[in-house]
Every structure is written in structure tokens, then in C-alpha cells.
There are 2 protein chains.
Amino acid sequence: MTFTPRTPRVVAARRLQRRRDRDRTGRFLAEGPQAVRSALAAGVVLELFGTDAALTRHGDLALQAPVVSPVTDEGLAALAETVQPQGLVAVCEQVDVPLAEALAKQPRLVAIVAEIRDPGNAGTVLRTADAAGAAAVVFAGDAVDPYNGKCVRSSAGSLFNVDVVRAPLTVAADLRAAGLLVLATTGYGDADLDELLDDGSLASPTAWLFGSEAHGLPDDVLKAADKRVRVPIYGGAESLNLGAAAAVCLYASARAQRSPRRPS
Amino acid sequence: MTFTPRTPRVVAARRLQRRRDRDRTGRFLAEGPQAVRSALAAGVVLELFGTDAALTRHGDLALQAPVVSPVTDEGLAALAETVQPQGLVAVCEQVDVPLAEALAKQPRLVAIVAEIRDPGNAGTVLRTADAAGAAAVVFAGDAVDPYNGKCVRSSAGSLFNVDVVRAPLTVAADLRAAGLLVLATTGYGDADLDELLDDGSLASPTAWLFGSEAHGLPDDVLKAADKRVRVPIYGGAESLNLGAAAAVCLYASARAQRSPRRPS
């Protein structure tokens with residue numbers, strides 16, 4: 001039997017496009033073969049919806065899913081949020097873990113997205129943090145839901161690769177107490193990223209705080225950090241966008257932590 | 001007199017939302033106070049359209065414009081491509097320069113967006129290149145029009161701060177002939193960015209080649225480069241997005257060029 005947009009299982013899954021239903025059920029949707037592959041590897045897929053064509057093409061994924069539900073093109077379109085969903089949508093269990101669980105692993109690199117409401121930006125930071133080897137990404141304060149469809153897509157599977165934590169803005173103090181150097185990014189920082197690279201500070205276990213592009217970090221969060229850091233601007237630009245700033249900071253840490261004996 | 005959407009000057013300016021009319025006239029539109037300020041500083045504004053409220057609020061900008069044309073809210077909405085245009089749209093002369101003119105200044109850092117068709121991505125690379133101190137950004141091959149509205153907005157004024165060049169894909173050979181180290185970014189590169197930082201290569205004048213996220217760089221462009229470079233991936237992510245990869249590479253060069261005597 002092939003499900004349609006009106007099949008109750010499809011109707012129920014579709015509701016997960018809404019935050020309220022994600023929060024209520026502890027589930028969310030992952031769309032497209034790349035995200036589905038990562039979700040399967042993480043063991044969190046509950047049901048895989050796919051068109052016949054997609055289930056044939058991605059037979060390896062269909063074999064790993066606990067429940068496979070064929071859907072019509074219209075059924076798939078109802079579940080998907082993109083124009084070209086590539087035929088697969090998985091219902092997944094949410095993956096976030098308590099802060100204490102993430103800290104117990106003694107992470108050496110953590111990214112905190114603080115009050116970042118743009119899902120594309122948050123997902124991009126998640127992907128970049130994963131690439132740079134961060135062990136955890138904290139969604140702090142009134143940040144976007146990490147299971148928002150656009151955030152999941154922008155993370156390109158990284159949502160399943162790192163410890164995702166949801167915490168209040170006071171998380172910075174918890175990370176300091178756990179021995180991490182807490183660095184807040186701001187265009188008005190008194191410390192320059194190059195100085196921190198020169199003086200060896202970045203070899204320490206570090207948590208980077210990133211705020212929204214429009215509003216930056218709240219004052220009390222800036223004050224709670226060990227240092228307020230600016231990425232140097234060498235040209236006429238006023239600033240970097242959030243994704244670029246996060247990439248420069250997280251990769252500076254990644255390199256410094258792997259080259260502790262030489263200035264980097 | 002306040003112009004409406006049907007005023008011929010507004011109708012003519014609005015046509016610049018289309019590439020064909022931009023190409024024909026050598027003009028384009030810059031939207032919002034930040035872009036207008038940069039365009040005025042670059043001396044390329046021909047006419048500034050603004051609502052009464054915006055022209056009052058940004059009186060300093062209105063004073064610098066050679067022609068100021070008040071428009072109704074509807075007239076402004078017709079000229080603007082965003083939902084919140086902040087009341088100002090300027091008609092500007094295109095700013096790109098021939099490659100020879102950019103090379104005559106002996107740039108030490110150049111970014112090349114090769115066949116990148118996504119205007120947001122191209123504009124973001126332009127902004128990041130400017131921030132990292134690049135002197136020129138080359139739109140190569142079948143890349144997006146640098147004067148596409150979304151590209152202009154994503155560049156956040158950087159379009160006016162660097163030498164923008166439009167060139168065929170063979171530009172890589174010209175840059176090598178001019179003495180620049182040409183580095184092509186690819187997930188399959190044989191050189192690792194960290195190796196280039198360690199061996200001091202990045203202190204040289206450098207041109208970075210970036211391809212589209214979907215297709216990467218064409219094979220002949222990869223072959224024409226001095227080296228094919230990958231940004232190291234330390235976690236589970238398959239890759240970085242284009243904006244993040246460009247930020248890491250361009251800032252690696254910026255730092256290496258400013259610290260030539262120590263390994264960085």
C-alpha cells in the first residue's frame with residue numbers, strides 16, 4: 001500500500017513541521033538522502049517515508065530503516081518542506097542530550113549559538129562546528145529549535161554527529177566551571193583573534209559564544225565570558241556574516257589545539 | 001513632486017532588477033542605507049530614490065547624492081526587492097574594472113568565484129574577501145552577475161570596497177602569470193590547508209579559487225591551479241559550506257601574509 005497525503009500516518013508525520021508538535025512528541029523530520037543516512041547511522045530513525053523511485057535508488061537506506069512506508073509523490077510533497085526533497089523523509093527521535101552528559105565527555109571545543117533565531121545560520125554553525133571537530137553545540141536561550149526543518153537541512157547531517165544541547169543563557173557559567181575558556185565573539189571585542197593565536201590561549205579547551213547577526217550577544221552574556229573577541233577586519237567591510245565569523249574562530253581553535261607547541 | 005510606481009523615472013530604474021537591462025545600461029540598484037552609503041563613498045550613485053521618512057532620517061546620505069528623487073511608499077516598494085527596504089534605493093554605475101587594472105596594483109590576496117550561480121553565496125564570499133583584506137574579487141566564467149540584487153545585498157557594501165573583475169575561467173592562468181600562487185579549493189585536494197600554513201606557502205601573494213557548492217570547480221580549472229587544497233575536516237561533517245570554506249581559506253592567507261617570519 002502506498003500512502004497519500006490523507007493517510008493518517010502521513011498526516012501525523014506532517015504535523016512535525018510545527019514546533020509545537022515536535023516539542024510534544026520529541027520527534028522531528030529529516031529530509032533527503034544525506035540527512036536520512038546520518039539519522040540512520042545515529043540510530044534515531046523511527047519511520048522512513050519514500051517514493052518508490054527513491055526507495056529503489058536508495059535501497060541501502062531502506063534496508064536500515066525499522067519501518068519503511070512508501071508514499072505517492074503527493075504524499076512525499078506533503079511531508080517535505082523543500083521543492084526538491086529527493087524522495088525521502090524520515091521521522092526521527094530528537095537527539096539532544098543534557099549539558100551534564102555532554103560535559104562528562106570533557107569536550108575540547110564547543111560552539112554556543114545564543115539567541116540565534118535564523119534557522120539557516122544556526123544550522124550552518126552546527127555544520128561548521130562539526131567540521132572543526134567540536135564535540136558539542138549548545139542552543140542557548142531563545143535560540144531557534146534545532147529541529148526546525150531549515151536548521152536540520154543547513155546542518156547537512158551534523159545535527160547527528162555532535163552532542164546537541166539545549167540550555168539557558170547561563171550555560172556560559174557552567175562551561176567555565178567545567179574548565180573551558182569561554183570566548184564571546186563581538187565586533188567590539190577588546191581581544192583580537194590573532195592575539196589569542198599568538199599568545200597560545202586557543203590551545204585550551206574552548207567554548208565559543210556566537211550571537212545573532214542583527215543583535216549580537218546580550219550584555220550579560222558578553223560579561224560572563226572570559227574574553228570578548230573580535231575577528232580582525234583588514235578591508236573596508238564593517239563585519240563578517242555569522243557563518244564566516246564562526247568558521248574563522250572555530251578553525252583557529254581547531255588548528256591551535258592540534259599544534260600546541262608552536263605559535264599558530 | 002513625489003514619484004509613484006508609474007513615474008517614468010521609477011519605471012526605468014525598476015527595469016534594472018533584470019540582468020538584461022543592467023548589462024545594456026551599465027547600471028544597477030543598491031538598496032538600503034548601508035549599501036547606499038558605500039555606493040556614495042565610491043562615487044557611483046547617479047540617483048537616490050527615497051521615501052520622505054527615509055530621506056529625513058538619512059539626511060547625510062541625501063546631501064551627498066547628485067540627484068535625490070522622493071518616492072511614495074508604493075514607488076519605493078516597486079524599486080526594492082526586499083520586504084523591508086528601509087526606504088532607500090540608489091541607481092549606481094557598475095564598478096567592475098578590467099583584470100589588467102586590478103593586477104597593476106599588485107594585489108596580494110584575490111578571491112575568484114568560478115561559476116558560482118547562487119547570488120547569496122557569491123555576495124558572501126565578496127564580503128568575506130573584503131574583510132580578509134583581499135584587493136580583488138573575480139567573477140569567473142558563468143558566475144552570477146555581481147550586480148544581481150541579492151548578491152549586492154549579501155556583499156553588505158563590499159562590492160564597492162574591492163576591485164570587482166569579470167573574466168573568463170582562464171583567468172587562473174593570467175593570475176599565475178602575474179606571479180600569484182593560485183590555489184583551488186576542493187574536498188578532494190591533495191594539499192591540506194594546515195600543510196600550506198606549516199610550510200609557509202601562504203605568505204606568498206595568493207589567488208583562491210572557489211567553485212559552486214553543488215558542482216565544485218570544473219576539472220580544467222582544478223588542473224590550471226598551482227595546488228588543489230582541502231580544508232581539513234576533523235569531525236563527522238562531509239564538507240563545509242562555501243561561505244565557511246572561503247572564510248577559513250581567506251583568513252588563513254590574511255594571517256600568514258601578516259606574519260611571514262613565524263610558522264602560522
Side-chain angles (χ1 to χ4, degrees), chain A residues 34 37-38 41-42 108-109 120-121 123-135 137 154-162 193-194 197-198 213 231-259 261-264, chain B residues 34 37-38 41-42 108-109 120-121 123-135 137 154-162 193-194 197-198 213 231-259 261-264:
Chain A
Q34 183 189 33
R37 179 169 287 113
S38 301
R108 291 183 51 78
L109 186 57
N121 276 343
T124 295
V125 173
L126 187 46
R127 177 177 176 183
T128 302
D130 177 22
V137 175
S154 299
S155 87
S158 290
L159 178 67
F160 305 104
N161 296 334
V162 300
L193 182 65
D194 275 339
L197 281 163
D198 287 340
E213 222 165 311
V231 178
I233 302 287
Y234 300 112
E238 282 181 28
S239 64
L240 287 168
N241 76 9
L242 173 62
V248 171
C249 292
L250 290 164
Y251 267 84
S253 284
R255 180 165 164 79
Q257 292 187 350
R258 281 166 181 77
S259 321
R261 288 192 203 153
R262 59 173 160 72
S264 61
Chain B
Q34 183 189 32
R37 179 168 287 114
S38 301
R108 290 182 52 79
L109 186 57
N121 277 343
T124 294
V125 173
L126 187 46
R127 177 178 176 183
T128 302
D130 177 21
V137 175
S154 299
S155 87
S158 290
L159 178 66
F160 305 104
N161 295 335
V162 301
L193 182 66
D194 275 338
L197 281 164
D198 287 340
E213 222 165 311
V231 176
I233 302 288
Y234 299 111
E238 283 181 26
S239 63
L240 288 169
N241 76 7
L242 174 62
V248 172
C249 292
L250 291 164
Y251 266 84
S253 283
R255 180 166 164 80
Q257 292 186 350
R258 281 166 181 77
S259 320
R261 288 191 201 155
R262 57 175 161 70
S264 63

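Chain naming here is simple, since letters A, B, ... match the order of the sequence lines and numbering starts at 1 in each. Since we're looking at a predicted model, the values are computed, not measured.
Smallest separation of non-hydrogen atoms from A:Ala256 and A:Leu197: CB-CD2, 4.3 Å. Residues B:Tyr234 and A:Ala254 approach most closely at CE1-CB, 3.6 Å, considering heavy atoms.
In terms of non-hydrogen atom pairs under 4.5 Å with chain A, the most contact-rich of B:Ala247, B:Ser38, B:Ala135, B:Ser154 is B:Ala247. Of all the listed residues (A:Val248, A:Leu240, A:Leu250), the one sharing the greatest number of non-hydrogen pairs under 4.5 Å with chain B is A:Leu240. Of the listed residues (A:Val162, A:Leu126, A:Asn241), the greatest number of heavy-atom pairs within a distance under 4.5 Å of chain B belongs to A:Asn241. Counting heavy-atom pairs closer than 4.5 Å to chain B, the top-ranked of the candidates A:Gly243, A:Ala131, A:Gly133, A:Ala129 is A:Ala131. When A:Pro232, A:Gly157, A:Ala41, A:Ala156 are compared by the number of non-hydrogen pairs under 4.5 Å with chain B, A:Pro232 comes out ahead.
Proximity to chain B involves both the backbone and the side chain of A:Ala244, based on heavy atoms less than 4.5 angstrom apart. B:Val231 touches chain A through its side chain: at least one heavy atom from C-beta onward sits under 4.5 Å away, while N, CA, C and O do not.
Interatomic distance, A:Leu193 CG to B:Arg255 CZ, rounded to the nearest 0.5 Å: 7.5 Å.
Looking at B:Val137 and B:Leu159, their side chains never come closer than 4.5 Å, going by heavy atoms from C-beta outward.
Pairs passing the side-chain hydrogen bond (donor to acceptor under 3.5 Å, both in side chains) check and including a residue from residues 124-134 of chain B, sequence neighbours excluded, read A:Glu213-B:Arg127, A:Ser239-B:Arg127, B:Asp130-B:Ser158, B:Asp130-B:Asn161.
By the salt bridge (Lys or Arg N to Asp or Glu O under 4.0 Å) test, A:Glu238 is found to be paired with no residue, residues two or more places apart in sequence or in another chain being considered.
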